[in-house]
Each structure stands twice: as structure tokens, then as C-alpha cells.
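Some notes on the structure that comes next.
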Amino acid sequence: IKMRIINVKTALLVSIAALLLVLGPWNNDKKQENPQERQCQATAGSEEAIQRFSKLLTYETLADARTPDHRASGYEEEFTKLLNHLEEAWPEVYRGLQVEKVGLGGGSRLYTWHGRDPSLRPVLFISHFDVVPVTPGTEQDWVHPPFSGAIEDGYIWGRGALDVKFSVAALLEAASSLLQKGFQPQRTLMMSFGNDEEVGGSGGAQLIAQYLAEKGVQLELIIDEGGLIISDGLKGVVDQPLALVATAEKVYTSVELDLASKGGHSSMPPIDKSDIASQAARMVQAVNTEPMPGEIRPPISGFLEAISHYLNPSVDYAFVRGLLRTADKWPLNKILAQFFLRSSSELAALVRTTVAVTRVSAGVADNVLPNIGQMIFNMRAHPETPRKDVLAYLEDRMKEANLQPGAKLQVTDASHFGPVPGVSPADGPGYKLLKQAIQEHWRHQGQGIAVAPYLLTGGTDSKHFSHLTRAIYRFVPYSVNKTAGDLRRIHSTNERVRATDFTLAVCTYARVMELLSEQ
């Protein structure tokens, strides 16, 4: 059996090698641009800047889409205190920029830094200041209280440190530092800070986007949250820090499946397995047995091409580079997709529509077989995958599961119904300028760090603005160590960020503002 596996692997490698030769030239290495390092001059009173950010983390700004203003009941005052802090902590911004109260209850903020040339389309930076709650009973597991904003051991601790009050503070700090220098942008720069991103953004970002559209605003590009810097790179592949700039995000669809059964007394369950529980079990089995297929396509093909320029010596061969740079060609796109699908859930999510059962409900009493039941399927699809294809997949699984008459699907209100953002170009001027700013300030062995486009499997507020521009880049300039488990801190216990990263982020955002305002 072992010899057979070796033979199959050898045959596969030979086939791929032959295919690469057929596909054309792949051994030509483009010289990667390496911008010169820019010294990050800490903003005046950098310790004070970190204190301003720290205080932002002390406000328990929990959102709830069921309330009129999307502020969770009992936490309204937390939002008020946070908004007051923004105005008090960054007075230069409130004096130099137009600040508008937008969204439900005027709870979100839109900042406009008018440029010298009104004919140029504005650039929009997006963030949000609401956070997810701390799981009850886990408070004692935090090294520092979750809403303390503690500054200890070189880190700033607290809910929102990573997601994503970090960028609220860093953007305001960057704008403030530029204002203090007398900088005036050529192009109008805008900042949108929502108050309900964690519950969908319908009362914040969505209404800000609607407001801009009604004013006839078309944007040059958007920079939102989503990507970050993996400080330890990709194990065995890229040995240096890797900045992931998400040029696309998956589309969120939540589907309710209603099940029907005759019900009855629990002492006499049906022998034909028509009860609700058996139907639900068959449906789960059908989805797990035949998941949606995988395929390498943009932006993951762009990601593979990008990392081919940063391979560590142990894998830096012409053959490997050729493989990565032709990953979107048939049949390599199918073959490499299988590697992703079999490697990990994280990689599998990058190449296929994911389907997860998140809720199952049925029954009214312990001794009663339920007549009806509900299942919720949460699905995340590539932006170029039509929703009808996603629903057709579930309908096929329903047939395989042999569900009872009366079973039906319906897309829930939790799904994204607005414009669908596509894949933004990774060779456009906006991406290149963002990459330049990153590499000027984030360095490794005298060189700018690796930068690659990426697919975000979650969602951001930027989706609400996708009818205003096709150039949307999701990236926040901070680093996490994947090996040390830092990614698991997002939305979880002991959320924290490096204090030095905050200073670097201010410089990175300031440089992005300078570059984008002139181009």
C-alpha cells in the first residue's frame, strides 16, 4: 500500500510537471519592488497616543440589532461615553474635518477631510467601534479584565484591541498627526466608523453608504478591516512576516430548512424514520458526505502567485514557483484545490462554499414527537458564486435525505441582500500604494515584508459600500503570531495587541493617506 501511495504521488508530480511545460513560460522571475524604509517618527507624545487608544477599550459598546438604535439595552451610555472620548481625545480632527452623525439615532460617525481637488473621487477608510460580548463565566480567564484597556508586558489588552477599535484610534491618530504638520490632501479623504458591524451593520455602515449614494458620491477605493500581518509567516513556506490584504470577502447566506412530520407519542416512534430527528440527521449526513466542490480562483490564485516570490530556501525551486504561478489554470486549479480541501478547515474555506449547521430546533415536550422542526444552514460563498447555485445545492441534498412532504427552504433576514462586492484588482494603483506603505514601515532583514492578496472568509462593513467602488482592500496594520495562537484571541479570551504595532499602524495609515491623496 505504501509503495502504491508513493507511485501515485510520483505520477501526480510528473503529470503536473508536464502540464507546467505545456502551459508556457513559468520560470521568469519578476523582480519584486522593494521600497526604501521610512522611519516611523512616533507621533508627538506616543505614550499619550497609546493611552488614548487604551481608554477606547474601556467602553463596553455592545450592539444589538433588535433595539431601535442598535445599542444593546443597558449599554447605551457606553456608546455615548465613547463618542465623547473621540471628540476630547482627537480635537484636531474635530476642528479640521467635517464630522457628521449618521445612522440610526445618529450613532455612527462620518469624517470628511475635504481635498484641494474636488474632481478627484474620495478614498474611504472604514472601521467600527462596537464589539462582541465576553462569554459569561469566562471573565476570570482573562489575564487583565476585558474592558480594562490594560497596558502590560508590551501589549494593550481588552475587547476590541484586535477587532477593531485599534483601527478607529490609529486612523484618528494618523489624521491628527498629519493635521499637526499642516498636511492638506489633494484628494478628499473620508472615515466611516459604524456602531453595529458585529450585528450586520444595517443601522450604521449601510445607512452611511446610502447617505453617500444619495449625495452622488463615487469612491476611488475603500480600506476596511479584514487582513493583517502574520508575524511568523507560513510554516515551511514563507519564513518572514506576511501581510494579507483581503481583496474579496465571502458572501453570507443563512438558510432556514423547515421540516414536517406526523408527530405522535414518543412511546411509538415511526419505523420509517420519518420523525423530525431522523430527517435532520439524514440532512446533516447528506451535506457532510457531499460538500460543495473546491476550485482555485482569484484572489487565492493571486495569493499563491504572490507568495512564490517569498519562498524559503527549502522550497524555492523553479518547479514550485511555476506550480504556484499557474494555479488558476485547468486542471491545476482542481488538483491544488484538493490539497486545500484535505489540509485543514481554514484552507478548505478558501476554495469552496462552506455549509455549516448552526441551529437545530424542534419539540415541545419530552414525550411528544414534534410535528415541525427547523434547521439553520450558514453558508459562505465566493462573491462570484450566485446565490441560486448555493440554494440548488441544498435542494439536491434535500432529495438525497428523503425528507417528508412539506419540507421547504427560505433565505433568512440575516443574509446579505445588498450589492455583492467582487474581487478587487491586486494589480491596481490602490493595492500597489497600500503595499508600498506597508513595506516602507514593516521590515524584515532590511527588506519590506511579504504582501499578498487574500480571500476573507468572514464579512465586513465594506460590503455595504460595494456599489460605490470596485476597489475594496481589507487590511489593518497589526501583527499576530499564528503559531502562538494569537488569531484565536479575536472574539475570544485575552484579546490583545502589541503596543509597538499601534505606533507602526499610525505611521502606516498616515503614509497611506499621503500616497492615496496625491494619486
Side-chain angles (χ1 to χ4, degrees), residues 200 250-297 330-331 333-335 337-417 420 455 457-459:
K250 295 182 108 177
V251 179
Y252 184 108
T253 300
S254 194
V255 181
E256 179 180 304
L257 170 60
D258 295 321
L259 301 172
S261 178
K262 293 180 180 179
H265 200 285
S266 63
S267 64
M268 296 177 289
I271 60 174
D272 61 357
K273 308 302 179 186
S274 62
D275 57 288
I276 295 294
S278 295
Q279 291 185 69
R282 290 198 299 273
M283 189 64 190
V284 171
Q285 180 66 22
V287 168
N288 289 342
T289 301
E290 191 171 346
M292 292 195 74
E295 181 181 2
I296 301 290
R297 52 180 167 173
W330 185 88
N333 57 349
K334 301 293 186 182
I335 296 172
Q338 292 305 309
F339 167 78
F340 275 68
L341 294 173
R342 286 165 168 74
S343 295
S344 68
S345 58
E346 180 182 353
L347 290 179
L350 297 176
V351 298
R352 73 149 54 114
T353 296
T354 56
V355 183
V357 179
T358 56
R359 281 189 288 164
V360 180
S361 58
V364 295
D366 290 356
N367 61 346
V368 176
L369 294 172
N371 296 92
I372 58 174
Q374 291 82 35
M375 302 177 70
I376 298 295
F377 293 86
N378 186 253
M379 312 178 78
R380 309 292 180 107
H382 188 281
E384 294 175 357
T385 299
R387 180 166 283 168
K388 63 180 179 63
D389 291 357
V390 173
L391 296 177
Y393 164 81
L394 279 183
E395 290 168 354
D396 289 342
R397 302 293 82 70
M398 290 171 66
K399 294 174 185 176
E400 293 176 8
N402 191 28
L403 303 183
Q404 292 296 296
K408 61 180 181 179
L409 291 174
Q410 57 181 342
V411 179
T412 74
D413 292 341
S415 304
H416 176 61
F417 288 103
V420 175
L455 174 64
T457 55

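Side-chain atoms are counted along with the backbone in the values below, which use heavy atoms only and exclude waters and symmetry mates. Position 1 is the first residue of the sequence; numbering continues from there.
- The distance from atom CG of Leu341 to atom NZ of Lys334, rounded to the nearest 0.5 Å, is 10.5 Å.
- Val368 is linked by a side-chain contact (heavy atoms from CB on, under 4.5 Å) to Val364, Ala365, counting only residues two or more places apart in sequence or in another chain.
- Scored by the side chain to side chain donor-acceptor pair (under 3.5 Å) test, Ser267 finds His265 as partners (sequence neighbours excluded).
- Residues Pro370 and Gly363 approach most closely at CB-N, 3.5 Å, considering heavy atoms.
- Pairing each heavy atom of Leu259 with each of Gln279, the nearest pair is CD2-OE1, 4.2 Å.
- Between Lys250 and Leu455 there is a side-chain heavy-atom pair separated by less than 4.5 Å.
- A search for side chain to side chain donor-acceptor pair (under 3.5 Å) contacts involving Gln338 returns Arg342, not counting sequence neighbours.
- In this view, Ala414 and Tyr252, Ser254, Thr412 satisfy the side-chain contact (heavy atoms from CB on, under 4.5 Å) rule, not counting sequence neighbours.
- For Glu346, the salt bridge (charged side-chain N to carboxylate O under 4.0 Å, His left out) partners two or more places apart in sequence, or in a different chain, are Lys482.
- In this structure, the side chain to side chain donor-acceptor pair (under 3.5 Å) partners of Thr385, at least two apart in sequence or on a different chain, are Arg297.
- Atom CG of Leu347 is surrounded by more than 12 heavy atoms from other residues, nucleotides or ligands within 6.0 Å.
- Remark: Glu256 pairs with Gln410 by the side chain to side chain donor-acceptor pair (under 3.5 Å) rule, at least two apart or across chains.
- Of the inter-residue distances, the one linking Phe340 atom CZ with Ile335 atom CD1 reads 13.5 Å to the nearest 0.5 angstrom.
- The side chain to side chain donor-acceptor pair (under 3.5 Å) analysis of residues 347-367, with sequence neighbours excluded, yields the pairs Ser361-Gln374.
- The neighbour count for Phe417 CZ, taken as heavy atoms of other residues, nucleotides or ligands under 6.0 Å away, is above 12.
- With rounding to the nearest 0.5 angstrom, the OG atom of Ser261 is 6.5 Å from the CD atom of Gln404.
- Counting only residues at least two apart or on different chains, the salt bridge (Lys or Arg N to Asp or Glu O under 4.0 Å) pairs with a member in residues 265-293 are Glu290-Arg397.
- Put simply, CG on Asn402 and OG on Ser278 are 11.5 Å apart, with the number rounded to the nearest 0.5 Å.
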Pair Met379-Leu394, side chain to side chain contact (heavy atoms under 4.5 Å, CB included): steps then yes or no
CA-CA 10 Å; Met379 312 178 78; Leu394 279 183; 3.6 Å; yes
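- Smallest separation of non-hydrogen atoms from Val411 and Arg387: CG1-NH1, 4.3 Å.
- Listed by chain and residue number, Asp258 satisfy the side-chain contact (heavy atoms from CB on, under 4.5 Å) test with Lys408 (two or more places apart in sequence, or in another chain).
- Listed by chain and residue number, Leu257, Met283, Leu403, Ala407, Leu409 satisfy the side-chain contact (heavy atoms from CB on, under 4.5 Å) test with Met398 (two or more places apart in sequence, or in another chain).
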Full working for side chain to side chain contact (heavy atoms under 4.5 Å, CB included) between Val287 and Val357
CA-CA 9 Å; Val287 168; Val357 179; 5.8 Å; no
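- When all heavy atoms of Glu400 and Ala286 are compared, the closest pair comes out as OE1-CB, 4.0 Å.
- The shortest heavy-atom contact between Ile372 and Ile276 is C-CD1, 3.9 Å.
- Residues Leu369 and Pro270 form a side-chain contact, since some pair of their non-hydrogen atoms from C-beta on lies under 4.5 Å apart.
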